[in-house]
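In what follows, chains are A, B, ... by sequence order, proteins preceding strands, each numbered from 1.
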There are 2 protein chains.
Amino acid sequence: MRKAAGARVHRGVGVALWRQVADGIRSAIAAGIADGQGRLPSEVDLASRFGVNRHTVRAAIQALAQEGVLAAEQGRGTYVRRQRKLVYPIGARTRFSAGFDGQARTTSVELLDHGEEAAPGVVAEALGFAPGSRLPRVETLGKADGVAVSRATHWFAGGRFRKVAATIGRTGSITRALAAVGIRDYVRASTLVEASHADVGDTQVLGLSPGAIVLVTRALNHDPAGAPIQYSVSRFPADRVELII
Amino acid sequence: MRKAAGARVHRGVGVALWRQVADGIRSAIAAGIADGQGRLPSEVDLASRFGVNRHTVRAAIQALAQEGVLAAEQGRGTYVRRQRKLVYPIGARTRFSAGFDGQARTTSVELLDHGEEAAPGVVAEALGFAPGSRLPRVETLGKADGVAVSRATHWFAGGRFRKVAATIGRTGSITRALAAVGIRDYVRASTLVEASHADVGDTQVLGLSPGAIVLVTRALNHDPAGAPIQYSVSRFPADRVELII
DNA sequence: CTGAATGGTCTATTGATCTAGACAACTGAA
DNA sequence: TTCAGTTGTCTAGATCAATAGACCATTCAG
């Protein structure tokens with residue numbers, strides 16, 4: 001039998017111990033390390049569980065407090081503030097707005113940027129264009145209860161989609177924007193999932209600390225006839241969102 | 001317009017710069033930073049792209065060389081050794097052995113450990129048992145061309161599956177092991193995907209460096225009648241594998 | 001009110017990480 | 001052969017990360 005939860009820490013691998021402890025605490029919360037009132041074990045206790053100095057634990061807690069996960073209260077203890085991950089469903093008929101229904105009181109899609117640019121090779125190809133073709137591109141930010149939960153780049157299959165960007169900005173819905181150009185229905189043909197570290201854009205737009213993990217999905221949407229419409233690359237903060245298929 | 005590829009580096013966030021650069025190079029390789037011969041830009045060039053000292057780039061390259069991703073050759077340059085990620089399909093009828101067909105010459109499933117233990121609450125519940133029930137548990141290691149690509153824990157719905165472990169060890173196939181206890185067919189009812197840092201077991205079993213990222217899937221398999229059979233938690237190294245749905 | 005338990009602050013020391021610069025060793029093309 | 005371009009090695013200093021210990025401030029149960 002191993003020591004309770006705790007998961008010891010790795011030294012000399014390029015990840016600071018306080019960050020490993022922070023990640024460890026985050027996942028220990030999910031595994032139920034906090035008591036009924038959401039109170040964490042004391043700093044001294046955590047330090048011995050992770051096999052590090054108390055000051056290192058404090059650094060980890062500070063980082064998590066800044067993220068809004070924990071709140072420390074002198075004399076009382078450290079408490080969990082935000083706990084549950086949102087679950088984002090992926091299926092043939094996924095719509096962002098419907099995705100978080102019942103999990104968040106409010107959801108929104110904001111338009112960050114748009115334009116017409118040379119699409120990356122894989123994207124152009126998937127949409128049926130020659131590599132390097134200039135295609136409409138839209139950047140969006142998804143929020144649930146005011147917290148950023150996704151950052152996506154959408155590429156559209158040709159100039160007739162030029163005005164979707166404006167419509168997304170107005171209505172906050174991609175589905176409605178596509179309806180406005182005559183696409184009444186669409187289905188998701190395939191989705192690729194990978195994971196990587198947050199890049200500079202993620203840290204800024206999603207408010208992540210660098211070193212955080214993002215789930216990346218690449219999806220291709222077809223119209224009912226099977227013609228490609230839209231290719232989307234979405235980035236979800238792995239500490240706030242998980243995907244269900 | 002931003003500087004070419006490169007993706008600058010974040011300071012003071014608990015991840016050593018050499019590790020960030022190593023991760024950055026790995027993803028830049030996927031994005032095509034190497035030339036036709038698989039040759040990387042020079043160390044001086046990389047240093048200026050990432051905005052760090054040449055010695056920091058060297059530390060990153062050393063780490064990647066140890067992983068088998070790169071090989072440096074004095075006087076000539078640094079070359080890519082391993083590049084393509086494997087693509088693991090997730091669908092209603094996913095079978096591990098078939099998953100990497102066409103991508104790897106050989107695939108195998110090894111039995112690491114097995115026994116009968118108290119299943120975690122969510123697992124027992126999903127399989128239709130009371131929390132804390134003792135259920136058969138099997139740990140497997142999946143390999144493609146001799147490289148570890150997945151590490152999974154399978155829980156089975158009750159004692160009649162006790163002998164699947166032995167059969168998996170003999171045949172290297174979960175499908176065949178289930179057939180041996182009378183399950184001719186099964187389908188995947190749902191899959192949850194999340195991402196996290198590698199834990200101690202991952203670093204040992206999958207040969208990862210701590211701080212690496214793993215994709216975690218939680219899948220529930222039903223028999224054709226809809227009765228739960230098996231709950232599997234699989235861990236894939238995110239630098240070697242991506243998932244397609 | 002008292003005292004144990006808890007988080008908050010400070011100082012000091014050690015080792016890891018990052019930068020900087022100089023030069024050696026090797027490769028391949030001119 | 002020569003030389004520009006590359007990786008390999010060494011030294012030195014600056015900054016960050018981690019440990020250690022001491023003590024303060026706050027909370028809450030007895």
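- The side chain of A:Trp18 approaches D:dA18 more closely than any other nucleotide in the set C:dT17, D:dA18, D:dT7.
- Nearest nucleotide to the side chain of A:Ala16, out of C:dT19, D:dA17, D:dT7: D:dA17.
- A straight line from CG of B:Leu46 to P of C:dC18 spans 16 Å, rounded to a whole angstrom.
- With rounding to whole Å, A:Phe50 atom CZ is found 19 Å from D:dA17 atom P.
- Residue order along DNA chain D, read from the 5' end via each residue's closest nucleotide, puts B:Arg39 first among B:Arg39 and A:Gly75.
- A donor-acceptor contact shorter than 3.5 Å is absent between the side chain of A:Arg19 and the backbone of A:Ala63.
- Shown are A:Arg235, A:Glu139, A:Arg218; of these, the side chain to side chain donor-acceptor pair (under 3.5 Å) with A:Thr153 is made only by A:Glu139.
- For the side chain to side chain donor-acceptor pair (under 3.5 Å) with B:Thr140, the qualifying choice from B:Arg151, B:His114, B:His154 is B:His154, the only one to do so.
- Rounded to whole angstrom, the span from the CD atom of B:Gln62 across to the P atom of C:dT17 amounts to 12 Å.
- One interatomic measurement links the two molecules: CD of B:Gln37 to C1' of C:dG28, which rounds to 14 Å at whole-angstrom precision.
- Using a 4.0 Å heavy-atom criterion, one finds that A:Val44 contacts no nucleic acid atom at all.
- Checking the phosphate oxygens (OP1, OP2) of D:dC28, a side-chain nitrogen or oxygen of A:Arg76 falls inside 4.0 Å.
- Considering only side-chain N and O atoms, A:Asn53 lies nowhere under 4.0 angstrom from the phosphate OP1 or OP2 of D:dA18.
- With D:dT6, C:dT17, C:dA20 as the choices, the nucleotide that has an atom nearest any side-chain atom of B:His55 turns out to be C:dA20.
- Between the CD atom of A:Gln74 and the P atom of C:dT6 there is a distance of 14 Å, given to the nearest Å.
- Rounded to an integer number of Å, the gap from A:Glu73 CD to D:dA25 C1' is 15 Å.
- Side-chain proximity of A:Leu17 to C:dA25, D:dT26, D:dT19: nearest is D:dT19.
- Regarding B:Asp45, its CG atom lies at a distance of 14 Å from the C1' atom of D:dT7, rounded to whole Å.
- Residues B:Val193 and A:Ile90 have side chains not in contact (no heavy-atom distance under 4.5 Å, counting atoms from C-beta outward).
- Between the side chain of A:Arg39 and the backbone N or O of A:Arg76 there is at least one donor-acceptor pair closer than 3.5 Å.
- Considering only side-chain N and O atoms, B:Arg58 lies under 4.0 angstrom from the phosphate OP1 or OP2 of D:dG8.
- Between B:Gln20 atom CD and C:dT17 atom P the separation is 13 Å, expressed in whole Å.
- OP1 or OP2 of C:dG7 has at least one side-chain nitrogen or oxygen of A:Thr78 nearer than 4.0 Å.
- With hydrogens and angles ignored, no donor-acceptor pair under 3.5 angstrom links the side chain of B:Arg54 to the base of C:dG21.
- The shortest distance between the side-chain N/O atoms of A:Thr56 and the OP1/OP2 oxygens of D:dT19 is below 4.0 Å.
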